[in-house]
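Ligands are counted one by one from 1 in listed order, and the atoms in each one are counted from 1 as well. Quick note: numbers below take in every heavy atom, side chains included, and nothing from hydrogens, waters or symmetry partners.
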Amino acid sequence: MAFFVNPEVFHVANTQVDYEGVDSFLVGFGCEDWRTDTETGAEELVEIAGRRCYNSFESETHKASEFNPNISKVREGNASYIGNILKSGHGAVIEHVYDTYLLHNVSRTMTHELVRHRLANYSQESLRYVRLTDIGMWFPGCFEKHEKAEELRAVFLKAMTQMEDNYKTLEGLLGINDLKSFTQKKKYTSAMRRIMPIGLATGITVTMNARMWRHTIAMRTSHHAEEEIRLVFGIIAKDLKERYPNLFQDMQGAVVDGYMEYTFGHFE
Ligand SMILES: Cc1cc2nc3c(=O)[nH]c(=O)nc-3n(C[C@H](O)[C@H](O)[C@H](O)COP(=O)(O)OP(=O)(O)OC[C@H]3O[C@@H](n4cnc5c(N)ncnc54)[C@H](O)[C@@H]3O)c2cc1C
C-alpha cells in the first residue's frame with residue numbers, strides 16, 4: 001500500500017587515524033612528542049599531512065627549525081592551522097578526510113541531482129534486482145504548507161496507488177511470481193521499473209571527501225536548489241560541522257526560504 005516517507009540521513013563511516021603508524025613516523029622523523037589539540041582524528045590527519053609538506057612539526061622538546069632551517073615560526077593549534085589551509089585555498093590537504101552517509105527514503109529526483117557531483121562514490125538501490133511491493137514518496141514541503149495541502153496530498157496518494165496497481169498488473173501479465181529463473185525475473189523487474197515515478201523513495205550510500213562535502217553543501221543548500229536536496233544537505237552540513245568544527249569553521253548558516261542555506265568564508 002502506498003505510503004508517505006521522510007528522508008533520513010545516517011552517518012555510517014569516516015576516516016580514522018592509525019595512531020600506531022603516526023607514532024612510528026614521529027619517532028623516526030625525530031619529533032616523537034609532537035601533539036595537536038583537536039579531538040578529531042580526521043582533523044589531526046589534515047594537520048599531519050600539511051605539516052609534513054614543510055616539515056613544520058614543533059614540540060616542547062623540538063624546534064621546527066631542526067627539521068627545516070627555513071622556518072622561524074610555526075602556526076600553533078589545529079583550528080588555526082586548518083583555518084590557514086582553508087584561507088590559502090590548499091583544498092587538496094583536506095581531501096584526505098572521507099565521510100560516508102546512507103540516505104534512506106530519499107526520492108529518485110533527489111538522487112538524480114546528487115549523482116551529478118562526480119568526485120564521490122555512490123551505491124544506489126537497484127530496481128533491476130529489487131521488485132517493488134509498496135510505493136513510498138515524500139510529500140514536498142511546499143505542498144505541505146499550501147492552503148490546498150489536503151487535496152494535493154490526495155492526488156499524490158491516488159497517483160501512487162494507481163502506479164502500484166499498474167505495477168501489479170504487469171506482474172500478473174508476466175506471471176513473474178511463478179517464474180523459476182532468477183535471470184528472467186531480473187529482466188522483467190528491470191523492464192517494469194520504467195513505469196515508476198521519479199518521486200519514488202529509494203536509498204543511496206554516498207562517500208565524499210571533506211573538500212567535496214564543503215562544495216556540495218554550498219551548492220545544494222543554496223536557495224536556488226530543490227527543497228528535498230536542501231533538506232538532506234542541511235542535515236549533513238550540521239552533522240559535519242559538529243564532527244569537524246575546524247574543517248567547517250568558516251561555514252555560516254541561515255534560514256532562507258524555509259531551509260538552512262550554508263555558505264563558506266573560504267570557498268574553493
Ligand atoms: C541550483 C542548481 C541547479 C541546477 N540545474 C541544472 C539543470 O538545469 N540542468 C543540468 O543539467 N544540471 C543542473 N545542475 C547541475 C550542475 O550543472 C552540475 O552538474 C552539478 O551541480 C555538479 O556540480 P559541479 O559542476 O560543481 O561538479 P562536481 O562534480 O560537483 O565537481 C566539483 C568540482 O570539481 C571540479 N571538477 C569536477 N569534474 C571536473 C572536470 N571534468 N573538469 C574540470 N573540473 C572538474 C570543478 O571545480 C567542480 O566544481 C544544477 C545544479 C544546481 C546546484
### Message
Just by distance, no angles: are the side chains of Y188 and Q184 close enough, under 3.5 Å, to form a donor-acceptor pair?
### Response
yes

### Task
Show the protein residues that qualify under the rule heavy atom under 4.0 Å from an atom of ligand 1, listing them in chain and number order.
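Residues near ligand 1: R116, H117, R118, L119, M212, H215, M219, R220, H224, A225.
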
### Task
Return the orientation label for the F139 and F4 ring planes: parallel under 30°, perpendicular over 60°, tilted otherwise.
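Taking F4 first and then F139, their aromatic rings stand perpendicular (interplane angle over 60°).
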
### Query
What is the ring orientation for F29 with F67, classed by angle as parallel under 30°, tilted 30 to 60°, or perpendicular over 60°?
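The arrangement is tilted - the two ring planes meet at 30° to 60°.
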
### Query
Below 4.5 Å, heavy atoms only, C-beta onward: do I48 and V22 meet side chain to side chain?
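They are in side-chain contact.
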
### Query
Heavy atoms, side chains only, cut-off 4.5 Å: are E227 and P140 in contact?
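Answer yes - side chains close enough.
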
### Message
Would R153 and F143 count as a cation-pi pair here, with the cationic atom under 6.0 angstrom from the ring centre and within 45° of the axis?
### Response
no

